[in-house]
Amino acid sequence: MQEQYNFKEIENKWQQYWEQQEIYKVEDLSERPKYYCLEMFPYPSGKLHMGHVRNYSIGDVVARCKSMQGYDVLHPMGWDAFGLPAENAAIKHGIPPATWTWDNIAHMRSQLKQLGLSYDWQREVATCHPEYYKWGQWLFLQLYKKGLCYKKHARVNWCPDCATVLANEQVVEGACERCSSTVVQKQLDQWFFRITEYSQRLLDDLKRLPGWPDKVKTMQENWIGRSEGAELTFKVDGTEDEITVFTTRPDTVYGVTYMVLAAEHPLVSKLSAGTPEEAAVTQFVNRVGKQTELARTSSEKEGVFIGAYCINPFNGEKIPILTANYVLYHYGTGAVMGVPAHDERDFEFAKKYNLPIKVVIYPKENQELRLEEMTEAYTQDGVMANSGPFSGTPNRQGIRKVIQYAEEQGVGRGIINYRLRDWLISRQRYWGNPIPIVYCEKCGALPVPDHQLPVMLPTDVEFKPTGESPLKSRPDFVNTTCPECGGPAQRETDTMDTFVDSSWYFLRYTSPRDGEQAWDKEKADRWMGVDQYIGGVEHAILHLLYSRFFTKVFYDLGLLSVDEPFDNLLTQGMVLKDGTKMSKSKGNVVSPEEIIARYGADTARLFILFAAPPERDLEWSDRGVEGSHRFLNRVWRLVYSVKDQVIGAPAVDANKNYVGVHKEMRRLTHYAMKKVTEDVTGRFNFNTAISTIMELVNGIHTYRDKVAEVERDASILAEAINSTIILLTPFAPHIAEELWAATGHQGSVHKEPWPVFDPAALVEDEVEIVVQINGKVRERLNVSATLNPAELQQYVMELESVKALITGKQVVKIIPVPGKLINIVVK
RNA sequence: GCCGAAGUGGCGGAACUGGCAGACGCACUGGACUCAAAAUCCAGCGGUGUAACAACCGUGUGGGUUCGACUCCCACCUUCGGCACCA
């Protein structure tokens, strides 16, 4: 062992050793308990950033600790390798996307290896590899054959900069999630996955995920957006047309004073045709129809009368039909009944356009609500009024009764609506997984037969400045033969959204090299679900919802035995510098490469785990990094200074009655075992786990310095040193290996069992008790730890110092808490 | 506007079940070692106050429950995150 801590040498040495010994290789099937530890795989953008370092350091601590606790740990890594940046690089620098991607992967893989992460690299997957995307295509076809995948001409979000459509989930405040350009609406033929079919299950099963943060579950719940209500049908006056509305308040149906259709609603132009209002309506629809949802919903409510009326099926009233910007075509039925008295939006709208307002809910029976006095809609519960036979019914009950009546009369029904929309998966891009569909003039759209998979993505491509996918101009790709009739056919040139690729990678890891199937069910069943999933909260909806959807579909197809992919989820916070997210534009980026070169991977890992608990944002601190590095140096020097006494020391005799500093040293050691284990495997508070190890190291320092070498108990010292090294292993694996070897041990410390504390070693003879008078600390004293409350009270109350504190006062009450304090209440 | 999380020294954070607020680290101050510096080691480090003790104040603000509140309850303020005409 060298006197100096030479991290560079050590880290290289052990990384090579791990690779040669295949120490992190995991068996597919064994008798040992399994643990699947997974971190969100990265997009190979070129270099690791600190967010990656944090994500993967957290995962590595969990994986290593679980492995040392005797689990078979599946801890894989791979690449979310399709995506737009590769194409942008190609356009900008002329490098083919495949070359660019594979180069980045090679570099980032070596960076991950430099961090000393315990991945089983033999399981590495890359979504752009034909052996991976082949099964993505196969899975697409399984959904297609099950009717969960369809093509539709639809109004969709289009990002002009990315030159592709986007899923709703990828549109953030009207802008492209990726490049922030304003998203426009286009009518296009697009492929969808029928995720809405799973709305209720996706919602219900959130309850079965106690290991997920509430925040993420709430976000998914809001996204799914379930709402209970009714569909009611109104006949259009003088025609055969009908308007169906969705409402959550059927109890207010007697208060309808107008009807509103979305601008896109087909009846708008049909009903206004030939009326005096036609020109105004057309103008309005043209103007509003061009606006994005965001533009519409952020501007003031406006609308126009379309020149037609409909009939309220409940009271026969004739009410005007309008079209307005505040009604969304894609939600519900694209039509809304206007009940201004009991809906805020309707109230605002009715006031603006002088539409009649009719009160049909009173706060309480006989407590009339006067229209003249209303300054806002009354949206709370109450009693139905002016509602024919329903008047006097409490409105909650009324909801059910009105629905029942509507169903009997054939004018409506109870229904549940969801905000969730089908997942638009086709992208007009090149660098993605080709959709395995061919179009034959005679036979129509057909799935590519399984034996022809994968539809290979050509890699020798040229990009034109038009932004058009290079696949379209490749006759060798487009032209094929029809699998049905053998005639000429054309391939689909759209590729899949990369979220499709990342929605099942956790399954492929269980059989990464299987050439016969997407995964081996037996293996997948052994490893799934993921015991711990770790990643950024930015994927709370997109990736996590899609993955849940896929898992449920695969469960239904019999491909899996679980229907939720991730049992426990940890969402880590961002890495900040100077209070804001690191970014090139702000010039506050700290590169992992630089930190590793300067201080080593162990220091980088230790700091990033120590600086904050994982769920919180982490403020980067160069000083803090130095502090972590200093700590590792301190551990190194400590071990160096006592190694000769530690090597060959006999094991601690747990039955021996140690006293004084020796006992205290042993107590500290076992306390650290207990605390670190709890913090790492229970609450994932790595910062406090590390601070506990620091306390142990400080304690050993004191023991070494205060106790002469001949007086030291070699067994206790060895136990303390060995425990320090083992407890440090998940956080700083390289230095731990080196110190383990230096203290006379054979083999990898990672193969050592995780320590289990001895409760007997934690027992103290004496404890410090605080004496409080009226809740204020007045004195501290050491008492025997075995005293029960009565004995404690007696002992304390007889002390002269305590008597002095309460002289002249009347003792009202005494609360003794053994091991902690005694509170004397006086007057 | 609605929902959620958080607010603790100069800074990052700790206090897990209502029981000594500030563990651990950073920064800073003083000392040891050194010709000197770095490194290292030792000590101090919330505020007011005192010669020093004592005492008092102190976990966003105001109230409450309790022998006792960073922790529980009510109201409010601030910051961050999510949702936002969803009928």
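Reminder, nothing fancy here: chain letters follow the sequence lines and each chain counts from 1.
Place Asp679(A) and Arg421(A) on RNA chain B by their nearest nucleotides, and Asp679(A) ends up nearer the 5' end. Between Arg616(A) and Lys813(A), it is Arg616(A) whose nearest contact on RNA chain B lies nearer the 5' terminus.
Remark: Lys643(A) qualifies as a cation-pi partner of Tyr640(A) under the 6.0 Å distance and 45° angle criteria applied to the six-membered ring.
Here the separation of U8(B) from C3(B), taken at their P atoms, is 24 Å to the nearest Å. G18(B) and A27(B) have their C1' atoms separated by 34 Å, with the value rounded to a whole Å. The gap from the C1' atom of C57(B) to that of A5(B) amounts to 30 Å, rounded to the nearest Å. Remark: the separation of the C1' atoms in G64(B) and U71(B) is 15 Å, to the nearest Å. On the C1' atoms, C33(B) is 15 Å away from A43(B), given to the nearest whole Å. Taking atom C1' in both A32(B) and A23(B), one finds a spacing of 27 Å when rounded to whole Å. Taking the C1' atoms as reference points, C11(B) lies 13 Å from G22(B), given to the whole Å. To the nearest whole angstrom, the two P atoms, one in U40(B) and one in G4(B), are 48 Å apart.
The base of C67(B) sits within donor-acceptor range of the side chain of Asn823(A), with an N or O pair under 3.5 Å.
Nucleotide A75(B): paired with U61(B) (Watson-Crick or G-U wobble, both distances less than 3.5 Å). The partner of U48(B) is A55(B), judged by Watson-Crick or G-U wobble contacts that both fall below 3.5 Å.
Protein atom CZ of Arg683(A) is 8 Å distant from nucleotide atom P of C16(B), rounded to whole Å. Atom CG of Leu618(A) is separated from atom C1' of A6(B) by 16 Å (rounded to the nearest Å). Straight-line distance from the CD atom of Gln220(A) to the C1' atom of C83(B): 14 Å, rounded to whole Å. For Arg419(A) and C2(B), the CZ to P distance is 16 Å, given to the nearest whole Å. Counting to the nearest Å, the P atom of G82(B) and the CG atom of Leu542(A) are 12 Å from each other. Atom-to-atom, CG of Leu328(A) to P of A87(B) comes out at 10 Å; the value is rounded to the nearest Å. Distance CG (Leu821(A)) to C1' (A69(B)): 13 Å, rounded to an integer number of Å. Note: CZ (Arg704(A)) to P (U40(B)) measures 14 Å, nearest angstrom.
For Lys776(A) and C57(B), the shortest distance from a side-chain N or O to OP1 or OP2 is below 4.0 Å. In this structure, Asn222(A) does not reach the C2(B) phosphate: none of its side-chain N or O atoms is under 4.0 Å from OP1 or OP2. Side-chain N/O atoms of Asn687(A) include one lying less than 4.0 angstrom from OP1 or OP2 on A14(B).
Side-chain proximity of Tyr331(A) to A23(B), A14(B), A87(B): nearest is A87(B). Taking only side-chain atoms of Arg637(A), from C-beta outward, the nucleotide of C41(B), A87(B), G19(B) with the closest atom is C41(B). Closest to the side chain of Arg634(A), from the set C41(B), C67(B), U40(B), is C41(B). Side chain of Glu678(A), nearest nucleotide from C16(B), A21(B), A14(B): C16(B). The Glu695(A) side chain lies nearest to C24(B) when the options are C83(B), C24(B), C41(B).
In this structure, Asp602(A) contributes its side chain and Ile735(A) its backbone to a donor-acceptor pair below 3.5 Å.
Counting non-hydrogen atoms under 4.0 angstrom, Lys217(A) reaches nothing in the nucleic acid. Within the nucleic acid shown, Glu768(A) comes within 4.0 Å of at least one base atom, counting heavy atoms only. Using a 4.0 Å heavy-atom criterion, one finds that Gly627(A) contacts the sugar-phosphate atoms exclusively.
In this structure, Phe349(A) has its ring center under 6.0 Å from that of Tyr326(A).
In this entry the base of G46(B) is anti relative to its sugar, with a glycosidic angle more than 90° from 0.
At a threshold of 4.0 Å, the pair Glu678(A)-Lys674(A) counts as salt-bridged, since one of the basic side-chain nitrogens sits closer than that to a carboxylate oxygen.
Interatomic distance, Asn395(A) CG to Asp251(A) CG, rounded to the nearest 0.5 Å: 4.5 Å.
Of all heavy-atom pairs between Leu420(A) and Ser199(A), the closest is CD2-OG, 3.7 Å. Counting all heavy atoms, side chain and backbone alike, Lys207(A) lies closest to Pro210(A) at O-CD, 4.4 Å.
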